[in-house]
Amino acid sequence: MSSDAAAAVSPAIGLTTDADLAVRRMALRLGFGVTLGYLLGGLWGTTLFFMPPLLAAQFLATMRQPPGWRDAAGLILVTVLFAALTLTLAGGFVRDPLVYVLLLGLVLFLGFLLDSAGKTMPASLLLTFAAVIPLAGTQSLELAVGLAGAIVGAPFIALLACWVMFAIFPAVPQPDSGSRIARQASPKAAFANTAVLLPLIVWCMVGGRMSFVLLIVSIAIIRAGRDGGSRAAIGLLLGNVLGGIAATIAYGVVSMQPSIVFFLLVVLLVGLTFGARIAAGGVLAPLFGVALMTFLILLGVGVSPLPIESGEAFGTRLLSVMLAGLYTVGALSLLPGGRRA
């Protein structure tokens, strides 16, 4: 029997093809990876409790092989450089609002330019720094430095979680589909994405809101907007709502049974559910990707609030995230260049 015939027959008789096995293992890596990210983040004592699982999810959703030591060292190096860049911005230009906003816009543009070129991991870190540190700098440089340290520590945890997941659930060798075509950076898309996010950050600055959560959720929505059209926009909005609903239910369940083991089991259940849909690919994968990001952020901040947001109720934070998602999706639908090809 030829290999093509075997591939066609095996699902019918219950056998698992390499493609099926790869999807299952990716889903398991995502589910257990975000759970391990929370666990290690709690043991680390990081201020931004949601950052390690969030980065682990982003890394594991895009990786087909575990990161090498050289790649990991390079990622840590650029993380430190990004921290220095955004802290310099916060410390040196915060007293000149116009220059401050223009330079922040330039940093966001560079982050989205990296993302449009397929540099997923550096883009995730630079955009996170750009959303958090300049906003914190409007309150105090000490706050910005503390949060920068928490972000710098998050990739260590996320990379460790990735290595552990690939060790437990190894990558499945895939047939060579030929040389991959490098994605070219798109200044047009980067500029449009910056035009969507920058007003939201400025609004937070003017209002004195340290709303890092809604900014990071908005970034996740923008980066997930690969395809144009109203159908894609509705999908992203539904993903945001779905993640918020899952976080609300999980937060309520965990509040009734406050236990770290119970919390991790709830995270694992949701992570495996969303992870399976992300691993399967297809048109719904971005929707569940946004849902998982929203879930991780909202639940993480709900159970371990930031000191500057501890007085904000979970429901109020959820409403803010939903409104930010509505704004982001609406702005993306009006700016076709804001979606990556």
Side-chain angles (χ1 to χ4, degrees), residues 29 33-34 36-37 40-41 43-93 103-137 141-167 171 180 182-187 190 193-194 197 212 215-216 219-220 223 293 296:
R29 287 195 294 267
V34 297
L36 182 59
L40 295 177
L43 295 175
W44 183 285
T46 180
T47 304
L48 299 175
F49 184 48
F50 64 87
M51 276 301 300
L54 180 66
L55 289 179
Q58 292 176 344
F59 294 171
L60 290 169
T62 56
M63 290 178 178
R64 296 299 178 265
Q65 297 290 335
W69 290 105
R70 184 174 299 179
D71 294 333
L75 185 64
I76 298 303
L77 177 60
V78 298
T79 302
V80 175
L81 292 176
F82 291 160
L85 172 65
T86 50
L87 284 174
T88 300
L89 172 62
F93 300 96
L103 289 176
L104 172 58
L106 178 60
V107 174
L108 290 172
F109 175 81
L110 292 175
F112 284 121
L113 193 65
L114 286 172
D115 194 45
S116 69
K119 308 297 184 181
T120 305
M121 290 187 284
S124 297
L125 293 168
L126 182 54
L127 291 171
T128 300
F129 276 113
V132 173
I133 305 306
L135 180 57
L141 184 59
E142 181 181 359
L143 174 61
V145 171
L147 291 175
I151 300 175
V152 168
F156 285 94
I157 303 174
L159 286 170
L160 178 58
C162 290
W163 280 320
V164 172
M165 290 302 103
F166 274 102
R180 295 182 180 180
R183 186 192 302 172
Q184 292 186 345
S186 173
N193 291 337
T194 301
L197 185 62
F212 309 124
L215 295 178
I216 295 176
I219 290 172
R223 298 180 67 198
M293 302 301 170
L296 294 173

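As the structure is a prediction and not an experimental result, all values here were calculated from the model.
At a cut-off of 3.5 Å, with distance as the only test, no side-chain donor of Arg223 or Thr120 sits close to an acceptor on the other residue.
Atom CZ of Phe109 has more than 12 neighbouring heavy atoms from other residues, nucleotides or ligands inside a 6.0 Å radius.
Between atom CE of residue Met51 and atom CG of residue Leu125 there is a gap of 7.0 Å, rounded to the nearest 0.5 Å. If you take CG on Leu159 and CH2 on Trp69, they are separated by 9.5 Å, rounding to the nearest 0.5 Å. Note that the CZ atom of Phe166 and the CD atom of Gln65 stand 6.5 Å from one another [nearest 0.5 Å]. Here Leu127 contributes atom CG and Leu197 contributes atom CG; the two are 7.5 Å apart, rounded to the nearest 0.5 Å. Atom CG of Leu108 sits about 12.5 Å away from atom CG of Leu113, to the nearest 0.5 Å. Here CG of Leu126 is found 8.0 Å from OG1 of Thr86. Values are rounded to the nearest 0.5 Å.
Contact record, Ala136 with Ala144: CB-CA, 3.9 Å, taken as the closest heavy-atom pair. The heavy-atom pair separating Ala158 from Ala56 by the smallest distance is CB-N, 3.7 Å. Closest of all the heavy-atom pairs between Pro53 and Leu296 is O-CD1, 3.7 Å. What you find for Ala161 and Leu36 is that their closest heavy atoms are CA-CD2, 3.8 Å. Nearest heavy-atom pair, Pro122 versus Leu75, reported as atom, atom and distance to 0.1 Å: N-CD1, 4.2 Å. Here the shortest heavy-atom pairing between Gly33 and Leu60 reads CA-CD1, 3.9 Å.
The aromatic rings of Phe82 and Phe129 sit perpendicular to each other, their planes meeting at more than 60°, with 30° as the lower class boundary.
Under the 4.5 Å side-chain criterion, counting only non-hydrogen atoms from C-beta, Leu147 is in contact with Ile133. Between Pro52 and Leu40, the closest side-chain pair of non-hydrogen atoms is not below 4.5 Å. Residues Ile219 and Thr128 are not in side-chain contact: their nearest non-hydrogen atoms beyond the backbone lie 4.5 Å or more apart. Using a 4.5 Å heavy-atom threshold, the side chains of Val107 and Leu103 count as separate.
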For this session: Show the numbers, then the answer: is there a side chain to side chain contact (heavy atoms under 4.5 Å, CB included) between Asp115 and Asn193?
Result: CA-CA 11 Å; Asp115 194 45; Asn193 291 337; 5.7 Å; no

